[in-house]
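Only one structure is covered here, and it is reproduced in the block below.
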Amino acid sequence: MKINKISAFILSLFLVLVACETEESIDITSPDASFTLLEPSISNINLNYNLPNNEAFTIVWNDQLTSGDSYMIELSPDALFESPTVIGSSTTDRFTMTVADFNSTVLGEGAAAFEPFTVFMRVTSGSEISNSVSFSVSSYSEAEPVITTPDSSFSLVLLETTPNDEAISVTWEDPDFGENSSVDVIYEVQFAEAGTDFASAVTETATDMSFSSTHELFNETVLNAGLAAEEAGSLDIRVKATIEMDAGNMERFSEAVTITVTPYSVELAPILYVVGAGAADAGWSWDTPVELPLQGTKYSGNINLVNDAFRFFTVNNDWGSGLNYPYYESVGYTIDSNLANAMDGDSNFQFVGTPGEYFIEIDTDAKTITLGPPVVGPNCNFDQLWLVGAGIVDAGWSWDTPVALPCTGNGTYSGNVALTNDAFRFFSVNNDWGTGTNYPTYEGNGYTIDSNFNNAMDGDSNFFFNGTPGTYFLTVDDINKTITLGPEQLQCDFEQLWLVGAGVVDAGWSWDTPVALPCTGAGVYSGSVALTNDAFRFFTVNNDWGTGINYPTYEADGYTIDSDLINAMDGDSNFFFNGTPGTYTVTVDTGNLTITVE
């Protein structure tokens, strides 16, 4: 028993000693306290200008060293934080910044808009500094384009005589974009009347960071912007910069610059007046200028020319409205070889061809001045207009039976037309759909259109007749720019009267070249006739001497006859022209019983 007790004691003592030895060999330690900025879950940030108040980023840290009640957040474009920028503070363990604030911060550190830019962030608290984390940030531009030229002292008078010369150049800078920027920025320049806040701005496309325009093109821009022709006006200019993005286009506008511009008028005068010794019927006087009415974009008419000088004028009795040879030359006209610069001090036109009567045409669209044989009868751009459509009873939508509206006077087409409530269109060439002119075209060219017509709104914007179906006298007047309807008019007994006799310059006593006086409607025959001091007669049938009507016949029927016409007392009692030889409009009005020479 004693042995057993002693053994147990020894064993216990051994276990205690082993246990003590084991306890002394265990080394239990705690981690060092730290101040750690946690790695963010994202490293690339694309800032969206459409969401300026959204969170751009959130950083979180773990602080075991400080009291944790005051933190400063620093940002640097370099990992060494040589010149860090404090971008905010926090009293918690996290910091958040909005898209707008972070965008401004990154741009302030030197980032180029829309280009990746690396930034480093860390957190400080007193003398303690966390580790740093980095982001690649794509910012957006905040700065506006800045116009560098012109400035508000710029003044410009646009000249019609230098259409292709540069009139203005606009340049600008875009500060947020680097020289090697890969971003596509669409630049446009906007022009508006000063003070209108660009409500109806004219926008022109630019190249890179500049825009230029010629006198002719910029004049159109300025007039469209609202400035008045021939008056100095204030014009606002600004640059619009657009970046097309999936999240929505980004638009920026420069500050406006206001300049002074005087545009010239592009409105065509209704009549060109010819004055000068070269125009035999005019001379250098305003008593009898030769009038060339405007039809569409053309001035035209017959004129007697001799080898002397003349000039065109846009205003009757106004010497200051003259347009001489160099004017037309400078704006790009091709001028007939029978006309030259008179080199007379005023640089008038000089007629250098064979004296006589010509048809002169000034085409402002094609920019040509041409001379051709005189036109007998009414003068229009076309011999007739053609009417096709379901609204034209005798036509329909077919070229089988189009209705002709003949030229019945200078620039005037008229005739009786049967109309019903449907659509139709005017055409300048028979059987050619491509020559149609619809309602908006006439409306856009300033025509006053009869209320019985409206836009058919049928895809082709044809005319639509909305009046009472029936036959009307339809007139299209290209000079006064009107389309009118009136009561049906009685037509003439003949398609034309024929003039033959030595008193009619282009006819003589022969049926080879009789002069026609066409029916212009309502019993009226009228046309242009070159007259000289000799006898002639009217005939109702071509090449038929038996259809002649002499002076006493008209006199007996009660006609009032122009004083320039008298009884020739030549056996046949023909007419005799006793006025000044020249080209006149002769009108025989069988309704009002008059014969006039004008």
Side-chain angles (χ1 to χ4, degrees), residues 160-161 268-295 297-379 410-411 479 503-506 515 527-533 564 577 579-586 597-598:
E160 188 179 8
T161 52
L268 297 174
I271 296 174
L272 271 187
Y273 299 90
V274 184
V275 177
D281 299 321
W284 287 110
S285 165
W286 283 107
D287 294 337
T288 55
V290 175
E291 297 185 2
L292 304 176
L294 177 67
Q295 299 174 55
T297 59
K298 300 175 183 177
Y299 297 95
S300 61
N302 289 333
I303 186 171
N304 279 320
L305 294 171
V306 297
N307 299 134
D308 214 320
F310 67 90
R311 189 183 299 192
F312 298 103
F313 296 85
T314 58
V315 180
N316 193 5
N317 205 30
D318 182 357
W319 296 108
S321 68
L323 305 174
N324 61 5
Y325 191 96
Y327 165 80
Y328 282 99
E329 198 174 32
S330 66
V331 296
Y333 275 71
T334 300
I335 302 173
D336 194 285
S337 60
N338 284 305
L339 300 173
N341 189 329
M343 307 297 285
D344 55 2
D346 290 324
S347 296
N348 291 303
F349 283 80
Q350 175 83 19
F351 177 66
V352 295
T354 303
E357 185 181 24
Y358 292 85
F359 181 75
I360 188 169
E361 182 178 81
I362 298 94
D363 188 331
T364 63
D365 188 27
K367 291 194 172 182
T368 58
I369 300 177
T370 56
L371 293 174
V375 173
V376 176
N379 167 29
N410 287 340
I479 295 177
V504 179
V505 175
D506 299 315
V515 171
S528 180
V529 182
L531 296 171
T532 191
N533 300 134
D564 281 339
F577 178 68
T580 303
T583 300
Y584 297 86
T585 298
V586 177
V597 178
E598 298 177 333

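Below, all heavy atoms of this structure are taken into account, side chains as well, without hydrogens, waters or symmetry copies. Here, residue 1 is the first one in the sequence, and each next residue gets the next number.
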Rounded to the nearest 0.5 Å, the CG atom of Asn348 sits from the CG atom of Leu339 at a distance of 12.0 Å
Is there a side chain to side chain donor-acceptor pair (under 3.5 Å) between Asn379 and Ser528 once you walk through the steps? CA-CA 9 Å; Asn379 167 29; Ser528 180; over 6 Å; no
Determine the minimum heavy-atom distance between Ala269 and Thr314, stating which atoms define it. CB-O, 3.6 Å
Which heavy-atom pair separates Gly582 from Asn304 by the least distance, and what is that distance? CA-ND2, 3.6 Å
To the nearest 0.5 Å, how far apart are CD1 in Ile362 and OG in Ser300? 8.0 Å
I'd like to know if the side chain of Glu361 and the backbone of Gly372 have a donor-acceptor N/O pair within less than 3.5 Å. no
Out of the candidates Phe351, Phe349, Phe310, only one should pair with Tyr325 under the ring-ring contact (aromatic ring centres under 6.0 Å, His included) rule; please name it. Phe349
List the atom of Asn302, the atom of Val375, and the distance in Å for their closest heavy-atom pair. ND2-O, 2.6 Å
Asn324 versus Arg311, side-chain donor and acceptor atoms under 3.5 Å: no
Carefully, step by step, assess Asp363 and Thr297 under the rule side-chain contact (heavy atoms from CB on, under 4.5 Å). CA-CA 6 Å; Asp363 188 331; Thr297 59; 4.0 Å; yes
Hey, mind stepping through Tyr584 and Phe577 against ring pair (Phe, Tyr, Trp, His ring centres under 6.0 Å) and telling me if it holds? CA-CA 11 Å; Tyr584 297 86; Phe577 178 68; 5.5 Å; yes
Kindly say whether the aromatic ring centers of Phe312 and Tyr328 come within a distance under 6.0 Å. yes
Can you check whether Leu371's main-chain N or O pairs, donor with acceptor, with Asp336's side chain at less than 3.5 Å? yes
For the student: nearest non-hydrogen atoms of Asn341 and Gln350, plus distance: C-CB, 4.5 Å
I'd like to know if the side chain of Thr532 and the backbone of Pro581 have a donor-acceptor N/O pair within less than 3.5 Å. no
The reported gap from CD in Glu160 to CG in Leu323 (rounded to nearest 0.5 angstrom) is 7.5 Å
Apply side-chain contact (heavy atoms from CB on, under 4.5 Å) to residues Val274 and Leu272 and explain how you reach the verdict. CA-CA 7 Å; Val274 184; Leu272 271 187; 5.7 Å; no
So Trp319 and Trp284, would you call those rings parallel, tilted or perpendicular, with 30° and 60° as cut-offs? tilted
Between Leu531 and Val504 the two heavy atoms that sit nearest each other are CD2-CG2, 4.3 Å
Any side-chain to backbone donor/acceptor pair from Ser285 onto Asp287? Under 3.5 Å, distance only. yes
When rounded to the nearest 0.5 angstrom, what distance separates CD1 in Ile271 from CZ in Phe313? 15.0 Å
CG of Asn307 to OG1 of Thr354: how many Å apart, nearest 0.5 Å? 8.0 Å
Nearest-0.5 Å distance, NZ of residue Lys298 to CG of residue Leu268: 13.5 Å
Please report the closest heavy-atom contact between Glu357 and Pro374, naming both atoms and the distance. O-CD, 3.4 Å
With distance as the sole test, does Tyr273 use its side chain to make a donor-acceptor pair with the main-chain N or O of Trp286 at under 3.5 Å? no
